[in-house]
Structures are given as C-alpha cells and as structure tokens.
Protein chains: 2
Amino acid sequence: MTDKNVLSDFRPNDHNHEACIAAALEIASAVCRERELRLTPLRRRVLELVWQQHMPVGAYDLLDALRGDGRRADPPTVYRALDFLVENGFVHRIESLNAYVGCGEPEHAHNGQFLICGNCSRVAEMEDPAISKLIREKANALGFRISQQTIEVTGLCGECRERAQT
Amino acid sequence: MTDKNVLSDFRPNDHNHEACIAAALEIASAVCRERELRLTPLRRRVLELVWQQHMPVGAYDLLDALRGDGRRADPPTVYRALDFLVENGFVHRIESLNAYVGCGEPEHAHNGQFLICGNCSRVAEMEDPAISKLIREKANALGFRISQQTIEVTGLCGECRERAQT
DNA sequence: TTAAATTATGTTATATTGTATTATTACTGT
DNA sequence: ACAGTAATAATACAATATAACATAATTTAA
C-alpha cells in the first residue's frame with residue numbers, strides 16, 4: 001500500500017511552521033487571483049489564524065484572536081470570513097467538532113477525509129478516491145445521488161499511539 | 001451489486017409508521033432487558049419522539065415535545081436521555097446536523113453510515129463493512145488507530161431525484 | 001468620473017445547541 | 001430501615017450560530 005493520497009499528514013511539532021503558514025497564504029493568494037475572488041485583509045487574517053496550528057480552531061477562538069489584533073469583531077465577522085474560506089476550499093469545517101482547519105490542497109475542490117487525534121488534537125487530511133468512490137457506489141445502489149461526503153475519523157495518531165504504550 | 005448492508009432505507013411516506021415506532025420501542029425494550037439497562041419512561045418517551053419521523057430531530061424539538069406532554073423539561077433532561085440512547089446504540093447523532101435519528105438496528109454496536117436527503121430530510125442508514133474496512137486500512141497506513149468513524153453523506157434520495165427531473 | 005450596483009463589513013440583537021453543578025428523588029440489595 | 005447507586009430536577013451558564021439592518025468599500029458601466 002504505497003498510495004497514500006494524503007493532503008496533509010500529522011505534522012511533527014518541530015517543523016517550520018512559519019513557512020507552513022506563509023505557504024498556505026501564498027497559495028490562497030494565488031488561487032484567489034486566478035479565480036477572481038477577493039482575499040480581503042479580514043479573510044486573509046482569519047485564514048492565517050486558522051493555520052496557526054494544525055488542529056481545528058473554533059469560531060470563537062478566532063473571534064478572540066481578531067479582538068487581540070485590536071480590531072473590533074463580532075460573530076458575524078468571523079462566520080462570514082469562514083463561510084468564504086470554506087466555500088472556496090481554503091478551510092474545511094470539521095462537523096464533529098464545530099471547528100475549522102486549514103485545507104492541505106485548496107487548488108482543487110474536494111471534501112476531504114479527516115483523521116482526528118483524540119489525544120493531541122492534530123488533524124491529517126486524506127483525499128482518497130477509493131474511499132469516496134466506494135461510498136458513492138454504495139449510495140448509488142440505493143438510488144441516492146451524493147452531493148457531499150463528510151468523513152471524520154477519531155482515534156490516535158501514530159505518535160500518540162507509541163507514546164501511549166508506556 | 002446485490003449486497004446492500006442497509007440498516008434502514010428511505011421509508012415511503014405511506015408506510016405504517018405506528019408499527020414502525022412500536023417495533024423500535026419493542027426492540028429497545030428487549031435489548032435493555034437483556035443488557036440490564038434501564039429504559040425508564042423518560043428515555044422511552046424520548047426514543048419514541050425521535051422515532052416520530054425518519055429524519056433527524058434536534059434536542060430542542062424533543063424538549064418542546066416533552067413540554068407538550070405536560071411535563072416540565074429542561075435541556076439536561078433531554079440531553080441525558082439522548083446520551084443514554086446514543087451510548088447504547090438506540091439512536092445515532094448526526095454531527096453535520098446537530099440532530100438525532102433512530103437506529104435501524106440497535107442489537108449490535110456500530111457507527112453507521114448515513115445518507116441524508118437534502119430535499120426531504122429523510123435519512124437512510126448503512127453499515128457497510130467494506131467502507132469501514134477501507135477507511136480503517138487507509139488510516140492504518142498512516143499509523144492512525146481508529147476508534148470511531150463518522151460518515152455522513154448529503155445528496156438526493158431516489159424519490160426526490162426522480163421528482164426533481166421535471 | 002460620477003452614479004448605480006454589487007460586495008464586504010460593522011453592529012446589535014437574538015437564536016440555537018450544549019454543559020457544569022448541585023440537589024433531590026427513586027430504586028436495589030441487605 | 002438503611003446505605004449505595006442510578007436517575008431526574010432545577011438553575012445557571014457556556015459555546016456556537018444566524019437574522020436583520022446599517023455602513024463602507026469596490027467594481028461596473030454610463
């Protein structure tokens with residue numbers, strides 16, 4: 001099993017995260033230019049905040065962070081920015097956590113399949129065609145036409161699993 | 001493709017729903033007796049209310065219904081009952097809707113895979129081992145040990161799809 | 001290059017969903 | 001009757017999300 005289809009794996013805590021954030025913003029910037037979307041300062045800032053960690057962030061955490069910037073902010077502000085980011089694929093919403101996480105590959109539209117570590121809270125994103133295809137087929141067999149797949153899996157990431165075996 | 005692994009398919013609107021509810025309560029009753037769980041009047045009533053339709057119900061709708069019974073009820077009342085029902089597999093929580101739906105087969109533990117019609121809101125439940133297995137394998141390949149799978153799919157059920165092709 | 005239209009944001013208020021906590025009641029077995 | 005456990009009641013609050021309307025910024029197009 002060499003195919004992995006991993007859009008973003010669990011990141012070691014010591015990776016160069018500044019570069020990581022910068023890259024996400026750079027890509028978003030380019031994609032928006034190409035698609036004629038408006039990555040306004042607010043939206044850009046929210047995206048940056050979402051990328052502060054490789055784990056889901058709640059809307060109200062983002063709100064606090066925006067307020068920390070000195071600017072006034074209220075729920076609609078952050079929810080609107082999130083709507084834009086989610087709608088255009090820069091951020092995914094994790095339904096089972098009511099939280100948001102940066103997308104590992106915003107260039108092409110997809111739903112993503114999420115592995116959520118219950119211990120360290122980090123998230124990995126897969127986009128495995130075999131999984132989506134199988135689900136689509138099974139649904140089709142019932143006459144169901146899929147428009148969106150939500151696949152969120154909880155458990156222990158490799159690192160936490162090893163650490164747990166004391 | 002004859003294997004379907006469907007725990008509960010989309011029910012036609014004209015099926016005998018009274019029987020349907022009665023059956024669900026009967027099964028829950030039997031399972032509880034067997035496992036020495038206490039299906040108290042409150043829990044039983046909440047389960048019954050969840051089964052009023054084959055579509056997800058919000059906790060606060062249940063709360064209103066309980067109040068409609070004449071009894072006093074507050075959020076913890078319904079959430080505790082739901083916790084019990086979910087924990088013991090009589091009801092599933094649909095994360096993407098913050099809502100609850102009756103389980104089509106509470107006799108054995110499982111996560112369920114849900115098809116949610118965006119038009120009529122009805123839900124079908126599958127429990128397809130091929131799907132869970134594939135996801136488990138892909139996750140394992142990343143060193144991830146799964147404890148729970150959340151699979152919720154939105155789209156159009158067969159009936160609504162036909163109707164849409166005007 | 002203004003006016004109109006569109007899009008984005010600000011602002012206030014409120015709706016919805018979910019928990020923590022403490023107290024009380026009702027069963028279970030001795 | 002009593003201790004131990006499970007269930008429920010009751011209050012308060014935390015967390016998440018949207019409605020509705022006002023203003024500002026940006027784009028379009030005359």
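No experiment lies behind these values; they were computed from the predicted model shown. We name chains A, B, ... by the order of the sequence lines, and we start the count at 1 in each one.
- By the 4.5 Å heavy-atom criterion applied to side chains, A/Val91 and A/Tyr100 are counted as neighbours.
- Cation-pi geometry between A/Arg43 and A/Phe84 is met: the NZ or CZ atom falls under 6.0 Å from the ring centre, inside 45° of the normal.
- Note: B/His110 and B/His108 have tilted aromatic rings, judged against thresholds of 30 and 60 degrees for the angle between ring planes.
- Listed here is the closest heavy atom pair of A/Asn119 and A/Leu156: CB-CD2, 3.6 Å.
- In this entry the distance linking CG of A/Leu82 with P of D/dT16 reads 12 Å, nearest Å.
- For A/Ile94 against A/Pro56, the heavy-atom pair with the smallest separation is CG1-CG, 4.2 Å.
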Open item on the list: Walk along nucleotides 4-20 of chain C from 5' to 3' and tag each nucleotide B, S or - by protein heavy-atom contact under 4.0 Å, base first, then sugar-phosphate.
Closed with: ---SSBBBB----BBBB
